[in-house]
Amino acid sequence: MRARDLGRSTECAVAIQAVDRCVCKADLEVSIITDRVGRTFAVVTLVKAPDLEQKRDSQESAFAHEIIARASDGILAIDKTGAIVFCNAAAADLFDRVNTEMIGTPFGFPFSKGGDWTSLEVAVNGEPVYLDMKTTPVFWQDQDATLVTLRDVTQRYESETIAAMHLEAMDASANGIFVTDTTGQIKWVNRAISRISGYSEDELIESEPGLLKSDAHESHFFEEMWDTIGAGRTWQGQIVNRHKDGRFYTAEQSITPINDNAGRLTHYVAIQEDITERLKAQTDLVRLAGFDSLTDLPNRNLFMDRLDSALDRATRANRRVAVMVMDLDHFKDVNNTLGHDVGDQLIVTVTERIQRLMRNTDTMSRLGGDEFGILLEDLEDTNAASRMVRCILETFDAPIEIADRVVKMTASIGISVYPEDKADPLNLLRHAELAMYRVKSDGGQTFQYFDQAMDDEIRTRVSLERDLREAIKNEELWLAYQAQVNLETGAVIGAEALLRWNHPKLGFVPPDEFIPVAEASGLILPIGDWIIEEICRQTASWRSAGMAPIQIGINVSGHQFEHRELGAQVLNQLEECGLDIDAVDLEITETVAMERTDHVTRNVDQLVEAGVSISMDDFGTGYSSLSNLQAFPVRRLKIDGSFVSGIGEDQDNEKIVEAVIGLGHSLGLTVIAEGVETEEQVAFLQARQCDEIQGYLVSKPLSAADFEAFLSSRTSAPSI
Ligand code: C2E
Ligand code: CA
Ligand code: CA
């Protein structure tokens, strides 16, 4: 270095300045130089020594820089104008940019300087990002600025939201939920558990699930439960709990142990669904499906099942099975006169009495209404069945007391026996039913075994029904007219129309055979419609031909009162044919009077109001005759032919005839005797002022043409 250059040496200049201003450490370099003329100089070079403190400072600041650059939180510096002047990589990352892009751009989010963490929701590439933000005032290049720390909490926020949602869902769940800690203390409950258990949230929190414990379970039940939970598994089962009000309720419950991330057990979650109602409905259903609710007896379905298995056993063991069908006699009348409640109690009492006779192996069932099935298994012979059936019938000897009333009941029983009757369960029952119906039609109060003849009879009925349907179409039905005369004057005052059927193969079929079939099958309704039309048509035609006006009796069945607008039907028909109201007389039986449903009553009222004449047919053969008469406004009583035929032969019958005439007259009714065949009967009836008679003595039922001929011959020679 040349000496003249010294003045320009920057190191030297700095050193001089530094010497000027402050004490400053410098490295001193001294070199001896000699110029051309031989002078020697010492050249001192002041080189500023590296400042240790400064060195450390700069090391630290580099380190801080490094920390800031690598920090996972986003760090930004924002100047007074709101522009970003510094931005670390994490901050740029948050916004999916690089830091250089950020510098100089406005921060754009509201913030206050200093203070606590606040939340910020920003959209990055259209996705929400949740940030926590904290601001601190700083100096940046000698200016006031704000240091902003941003922390991405999106994941936490989302899991918190999900957790909150879970909590909300748990709270709103229809199932009761509670959470206990490991000591068994309840820490959280949802709303449903309060509804299910009756305890409020306050009452449940901090208490133990034992609060709900009932004494319905043995200790091993809970031991098993704890074994499962203790092994870290979920326990699931039905548990009977006690409601706050003391009643028990059944819950479908699960208890699940909950572990933290480290696998430590922290809580138990119990979930319970109250299934008390569902269980009840289920048992009701099972009972309904198999049992009768009034008597608790097996119903028809269950009876058939048992019969089925009984037959299997009987076949294997070579034993007999008897099937009985029992029906109470005149039960309908009890129901109608004393009411259904009394009827129900009667059924219950009868059940109780008979059940006392049953052995373990026997089954008593309520097949429906007042019909019972009795299954006797393991019989050695049919005598055993007969002995049992007699015992059953004897239980009816004692009258039944219900609600201050004493009711005397009887029953009809039909029996079929396997294997004598080689039938399947369904037919065994049907056969027993057939035998029972036979007992009924013979007057009830006893029992009968099924025999093949009964089955044949039923088959005949079935084919009769089929043929009867055709009979209407084929015009095989016609009406016969039987005269009714005034006993005093001998004048024909009317005629009863009686239905006749000329079967193409069987010939004449008696009404007593086919009318019950028509009634049972409902065919009586279309047939009845035809009869009313035909009678009105015939009567109108007779009237227009100049025949003296006589009243024609129409037999109407109870079904017509029940299932037809009979009142309107008769009145319309009369009007249509131009007939006055007393052109016809409706013959009804006491069953119609007894089964007075609303519909029947409406029909009766309509007819009575219009002034249509009504006769009570077969009077004296029915049940509780007098009360029916009081309830039913009839014009005439018809004494049943079976009593009339007893005149001169049976004193009881004579007394009945006498009593009916007296009763009718005392009520202001006309009395007509049916089935009059002899002069002796006429004399008896005349002596007792019977008003009218009808019977073979006067005339048999005749075809319309024959009846016309009869009438004209009669006017020429009036006698009884
Ligand atoms: P019912 O209404 O009591 O009819 C009287 C029955 O006595 C008739 O029997 C008649 O032929 C018969 N009869 C009349 N006089 C004498 C007599 O002096 N001696 C004897 N032994 N019998 C006599 P029928 O015609 O066989 O009718 C039987 C039953 O069929 C009738 O009994 C009635 O319940 C029913 N029936 C007949 N025609 C009709 C009808 O058009 N509609 C309805 N629903 N039932 C009818
Ligand atoms: Ca009649
Ligand atoms: Ca009659």
Side-chain angles (χ1 to χ4, degrees), residues 332 430 433-444 452-482 495-538 552-564 566 569-570 573 584-592 595 615 617-618 621-622 638 640-642 645 674-675 694-696 699-707:
K332 236 178 173 181
R430 193 176 69 86
E433 253 165 359
L434 287 183
M436 183 275 288
Y437 284 128
R438 172 55 59 88
V439 176
K440 281 256 153 168
S441 60
D442 292 349
Q452 199 49 47
M454 291 178 191
D455 202 29
D456 297 345
E457 195 185 301
I458 290 297
R459 288 180 202 287
T460 314
R461 276 177 79 100
V462 170
S463 70
L464 216 57
E465 182 186 324
R466 193 187 53 227
D467 295 349
L468 195 55
R469 283 180 203 279
E470 299 299 311
I472 310 173
K473 273 193 257 163
N474 300 344
E475 298 181 0
E476 294 161 18
L477 299 176
W478 57 280
L479 287 168
Y481 296 86
Q482 186 179 34
E496 177 177 4
L498 293 157
L499 188 60
R500 296 290 175 257
W501 181 15
N502 282 345
H503 189 284
K505 286 201 196 100
L506 302 174
F508 176 78
V509 185
D512 285 336
E513 269 180 40
F514 75 83
I515 293 212
V517 175
E519 301 230 6
S521 61
L523 282 170
I524 195 69
L525 296 173
I527 294 177
D529 297 341
W530 174 79
I531 291 171
I532 295 167
E533 281 169 35
E534 177 58 15
I535 290 172
C536 290
R537 188 201 58 75
Q538 182 63 69
I552 308 294
I554 311 177
N555 286 290
V556 281
S557 131
H559 294 273
Q560 289 170 274
F561 272 99
E562 189 91 59
H563 302 290
R564 286 283 192 264
L566 193 66
Q569 199 180 352
V570 170
Q573 206 58 50
V584 294
D585 171 69
L586 297 190
E587 293 194 7
I588 63 164
T589 57
E590 285 179 282
T591 19
V592 178
E595 285 168 14
S615 293
D617 207 355
D618 306 339
T621 58
K638 295 192 82 176
D640 192 65
S642 61
S645 66
E674 282 191 298
Q694 175 186 345
Y696 294 168
S699 164
K700 288 206 162 185
L702 303 169
S703 69
D706 289 348
F707 183 68

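FYI, the numbering just counts along the sequence from 1. Because the structure is a prediction, the values reported are computed rather than measured.
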Just by modelled atom types, is the S699 backbone N or O under 3.5 Å from a matching donor or acceptor in the Q482 side chain?
-> yes

Check for a donor-acceptor pair, side chain of Q560 on one end and backbone N or O of S557 on the other, with a separation under 3.5 Å.
-> yes

Residues at least two apart in sequence or cross-chain that pass side-chain contact (heavy atoms from CB on, under 4.5 Å) with S642, listed by chain then number, are T621, D640

Excluding sequence neighbours, so at least two apart, what forms side-chain contact (heavy atoms from CB on, under 4.5 Å) with S463?
-> R466

pair [X]-[Y]: side-chain heavy atoms closer than 4.5 Å:
| X | Y | value |
| --- | --- | --- |
| N555 | E496 | yes |
| L468 | I527 | yes |
| R500 | L477 | no |
| L566 | I532 | yes |
| L498 | Y481 | no |
| Q538 | L479 | no |
| L464 | L506 | yes |

Does a sphere of radius 6.0 Å around NZ in K332 hold more than 12 heavy atoms from other residues, nucleotides or ligands, not counting ones at 6.0 Å or beyond?
-> no

Counting only heavy atoms not in Q452, do more than 12 sit closer than 6.0 Å to its CD atom?
-> yes

Please list all pairs passing the ring-ring contact (aromatic ring centres under 6.0 Å, His included) test where one or both residues lie in residues 508-536, with sequence neighbours left out.
-> W501-F514

Which residue pairs pass the ring-ring contact (aromatic ring centres under 6.0 Å, His included) test with at least one member in residues 453-477, sequence neighbours excluded?
-> none

Under a 4.0 Å N-O cut-off, is there an ion pair linking R430 with D455?
-> yes

Not counting sequence neighbours, which residues clear salt bridge (Lys or Arg N to Asp or Glu O under 4.0 Å) with R461? List them please.
-> none

Is it the case that K700 places NZ or CZ above or below the six-membered ring of Y696, under 6.0 angstrom from the centre and within 45 degrees of the axis?
-> yes

Quick note, salt bridge (Lys or Arg N to Asp or Glu O under 4.0 Å) partners involving residues 512-533, not counting sequence neighbours, are D529-R564

Establish, from distance only, whether the side-chain atoms of S615 and D585 form a donor-acceptor pair under 3.5 Å.
-> yes

